[in-house]
Chemist: 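The following block contains the structure, expressed as structure tokens.
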Amino acid sequence: MSTGRAGTVHAAPVSVWKTELSHLLRLGLPLAGTQLAQISVNTMDVLMIGWLSAEDLAASVLAFNYYFVLWLFGVGVIQAAMPLSAQAFGSCDLRGLRRVVRQGIWIAVIISAIALVALSYTGPVLNLLGQDPELVRRASIYMETLKWAFFPALGLVSLRVFLAATGYTQAILWATVFTAIINGVLNYGLIFGNFGMPALGLTGAGIASAISATLGLIIVIGYIVLHRKLRRYALFGRIWRADTQILSRIVRLGLPIGMTLLAEVGMFAVAALMMGWIGIQELAAHAIVAQCAAITFMVPLGLGQAAVVRVGIAAGRGDPPGIGIAGWTAMVTAVFFMLLAAMVFWLIPEILIGLYQDDADPLAPSVLAFGVSFMAVAAVFQIVDGAQVIGGSALRGLNDTKIVMIYALVGYWVIGLGLGYVLAFPMQLGGVGVWWGLASGLAAVAIAATWRFARREKLGLIDEFVPASV
């Protein structure tokens, strides 16, 4: 396969595509499993806190959403270290890889320090948002212990960058699975007083999150330090020394990623708000279908993270055809999986929705009816959601983050929410209109990102990695 600028991915033999698919799955499937394990942690928290009382559950949701917005922004900034570390790995620049990961850890520390201050004012913030005083009181109690999970959870993300670049994503998967189990056990003990532990309620739930997150970070650090091949990177040597050049580059690339993630989360938050304007049954059905979509989305999300690495490695070694092969392999794989998920959504929506319902609930039939109609649109939503996450990830592998942010802001907020509102209210399509708006917004982002990646050479996106004379 030619490495020249004129080389095309179409000229690559089938064996090259098969090899790339193998690399993608070896990286991406553990990352997808990690995302699913993380969802299970939140699901277990909601389940067990819900056993306490509806008030405690509502308070925990308020607190966690505030926590999650700050944490997700930090994740976005740190994710900029992933393409940079992959590019360094691809060019065999082990020192450069070490520099990037170390500064990713620095960013995790800095953002966590700022977040701890912000989270300490959970009560005043929720009061300003007009929340019920009793819920604010309980949310503040929960946050007093939950906030100590912030740094270990974000620190683990910074180390995931290193393990993904070097191909050891299974370590992150097993560490996350272990912490999910520990979190569940500690929740059951510390919330309700089982296993001889004190019954601490919401405080216990926060302690469980902090302990399990810290254990996960310690396990991954130990793995990196003790692993025969990984310890040669001396990742934690002189970690106290700031590298302002790399630090500023990560921040410059990472801020748009953080804003992109917030834009996507914000789109779904506003969509839920619009559903609430329509009706209780519609909102309940929306929550169920959105949860189903979130679960299947973890697979293309994991493949997207792997695509960042694979595209970054090809860019680092100055291989234009390899960049295309990495990006298109991830795209086809993710869309194929989401087509399978869409078929499930189309064929058995009643079964999926029924898993989340109590048949004795008098509202169950109407929630099911709305859910089936939403699920039909969500099937289309699945396909374009997979395409948009891979398109954006492939571009991030080339350090192209600002334009992706603009695509997201326009696609999610102008097209997605704008069209959703028009379809739902002026055109009186109700909740189905909201879902068609979301699907349209994601489709717009998918088309724009895929087009940009396809024209990466003409747009000069690979000029940083490949000399013009090559």
Side-chain angles (χ1 to χ4, degrees), residues 22-44 71-72 74-86 88-89 97-98 100-102 104-105 107-109 112 149-184 209-233 235-236 254 257 261 295 297-310 312-313 330 334 389 393 396-397:
S22 175
H23 285 304
L24 175 75
L25 295 179
R26 191 161 60 248
L27 278 175
L29 291 182
L31 290 171
T34 298
Q35 299 297 143
L36 288 169
Q38 287 178 334
I39 275 191
S40 72
V41 170
N42 185 42
T43 301
M44 187 63 66
W71 184 80
L72 188 66
V75 169
V77 177
I78 291 173
Q79 276 192 359
M82 189 169 282
L84 296 177
S85 61
F89 185 80
L97 170 61
R98 183 167 59 239
V100 170
V101 177
R102 284 177 181 171
I105 297 172
I107 290 172
V109 172
S112 296
F150 195 99
F151 168 68
L154 199 59
L156 194 58
V157 172
S158 67
L159 295 181
R160 184 191 303 178
V161 167
F162 173 68
L163 293 174
T166 53
Y168 291 89
T169 52
Q170 288 191 359
I172 288 287
L173 170 61
W174 293 120
T176 306
V177 170
F178 175 76
T179 56
I181 295 171
I182 294 298
N183 182 72
S209 296
I211 291 176
S212 58
T214 302
L215 283 176
L217 180 61
I218 291 172
I219 289 170
V220 172
I221 290 174
Y223 179 83
I224 293 171
V225 170
L226 297 176
H227 193 282
R228 181 175 59 85
K229 292 183 178 179
L230 294 179
R231 66 188 178 196
R232 67 190 177 96
Y233 289 92
L235 186 63
F236 302 108
I257 299 177
L261 295 180
I295 292 172
F297 179 67
M298 293 303 103
V299 174
L301 181 60
L303 293 175
Q305 293 171 355
V308 174
V309 173
R310 294 301 302 163
I313 289 175
V389 74
S393 297
R396 287 173 191 144

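All values derive from a computational prediction rather than experimental measurement. In what follows, residues are counted from 1 in the order of the sequence shown. Heavy atoms only: backbone and side chains are in, while hydrogens, waters and symmetry mates are out.
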Chemist: To the nearest 0.5 Å, what is the distance between CG on Leu36 and CG on Leu301?
Modeler: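 If I round to the nearest 0.5 Å, the distance is 9.5 Å.
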
Chemist: Arg102 and Leu235: which non-hydrogen atoms are nearest, and at how many Å?
Modeler: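 The pair with the smallest heavy-atom distance is NE-O, 2.9 Å.
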
Chemist: Under 4.5 Å between any side-chain heavy atoms of Tyr233 and Ile224, yes or no?
Modeler: no

Chemist: Once rounded to the nearest 0.5 Å, what's the spacing between atom CG of Leu31 and atom CG of Leu25?
Modeler: 11.5 Å

Chemist: What heavy-atom pair brings Ser393 and Val308 nearest, and what distance separates the two atoms?
Modeler: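 Answer, listing the atom of Ser393 first, then Val308: O-CG2, 3.3 Å.
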
Chemist: Answer yes or no: is there a donor N or O on one side and an acceptor on the other, between the side chain of Arg26 and the main chain of His23, under 3.5 Å?
Modeler: no

Chemist: Just wondering, do Leu29 and Leu173 contact through their side chains at under 4.5 Å, heavy atoms?
Modeler: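 Heavy-atom side-chain distance check fails, nothing below 4.5 Å.
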
Chemist: Look up atom CD1 in Ile39 and atom CD1 in Ile295, then write down how far apart they are to the nearest 0.5 Å.
Modeler: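 Answer for the CD1-CD1 pair, Ile39 versus Ile295, is 6.0 Å.
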
Chemist: Between Val157 and Trp71, is the side chain to side chain contact (heavy atoms under 4.5 Å, CB included) condition met? List the steps.
Modeler: CA-CA 10 Å; Val157 172; Trp71 184 80; 3.9 Å; yes

Chemist: At what distance, to the nearest 0.5 angstrom, does OG of Ser40 lie from CD of Gln35?
Modeler: 11.5 Å

Chemist: With a 4.5 Å heavy-atom cut-off, do Phe236 and Ile105 have their side chains touching?
Modeler: yes

Chemist: State, to 0.1 Å, how close Ile182 and Ser212 come at their nearest heavy-atom pair, and which atoms those are.
Modeler: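 Scanning both residues, the minimum pair turns out to be CG2-CB, 4.2 Å.
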
Chemist: Which distance, rounded to the nearest 0.5 Å, do you find between the CG of Leu156 and the CD of Gln38?
Modeler: 7.5 Å

Chemist: Ala108 and Ile78: which non-hydrogen atoms are nearest, and at how many Å?
Modeler: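 Shortest heavy-atom separation between Ala108 and Ile78 comes out as CB-CD1, 3.7 Å.
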
Chemist: Please report the C-alpha distance between Val41 and Thr176 in whole Å, then the side-chain angles of each, then the deciding distance to 0.1 Å, and finally whether the side chain to side chain contact (heavy atoms under 4.5 Å, CB included) criterion is met.
Modeler: CA-CA 9 Å; Val41 170; Thr176 306; 5.7 Å; no

Chemist: Strictly distance-based, threshold 3.5 Å: is any side-chain N or O of Thr169 a donor or acceptor partner for the main-chain N or O of Leu27?
Modeler: yes

Chemist: Please say whether more than 12 non-hydrogen atoms of neighbouring residues, nucleotides or ligands are located less than 6.0 Å from CD in Gln170.
Modeler: no

Chemist: Between Ala307 and Leu24, which heavy-atom pair has the shortest distance, and what is it?
Modeler: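 Scanning both residues, the minimum pair turns out to be N-CD1, 4.3 Å.
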
Chemist: Do Arg310 and Ile313 come within less than 4.5 Å of each other through their side chains, counting heavy atoms only?
Modeler: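 A side-chain contact under 4.5 Å exists here.
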
Chemist: Do Ser158 and Val101 have side-chain heavy atoms sitting under 4.5 Å apart?
Modeler: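 Of all side-chain heavy-atom pairs linking Val101 with Ser158, none is under 4.5 Å.
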
Chemist: Nearest heavy-atom pair of Pro152 and Leu217: which atoms, and what distance?
Modeler: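 Pro152 and Leu217 have their closest heavy atoms at CA-CD2, 3.8 Å.
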
Chemist: Find the distance between OH (Tyr223) and CD1 (Ile172) and round it off to the nearest 0.5 Å.
Modeler: 10.0 Å

Chemist: For residues Leu230 and Phe162, determine if any side-chain heavy atom of one lies less than 4.5 Å from a side-chain heavy atom of the other.
Modeler: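 Leu230 vs Phe162: side chains touch.
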
Chemist: Is the shortest heavy-atom distance from the side chain of Val220 to the side chain of Arg160 under 4.5 Å?
Modeler: no

Chemist: Any donor-acceptor pair under 3.5 Å linking the side chain of Arg396 with the backbone of Ala80?
Modeler: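 Looks like no, no N/O pair under 3.5 Å.
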
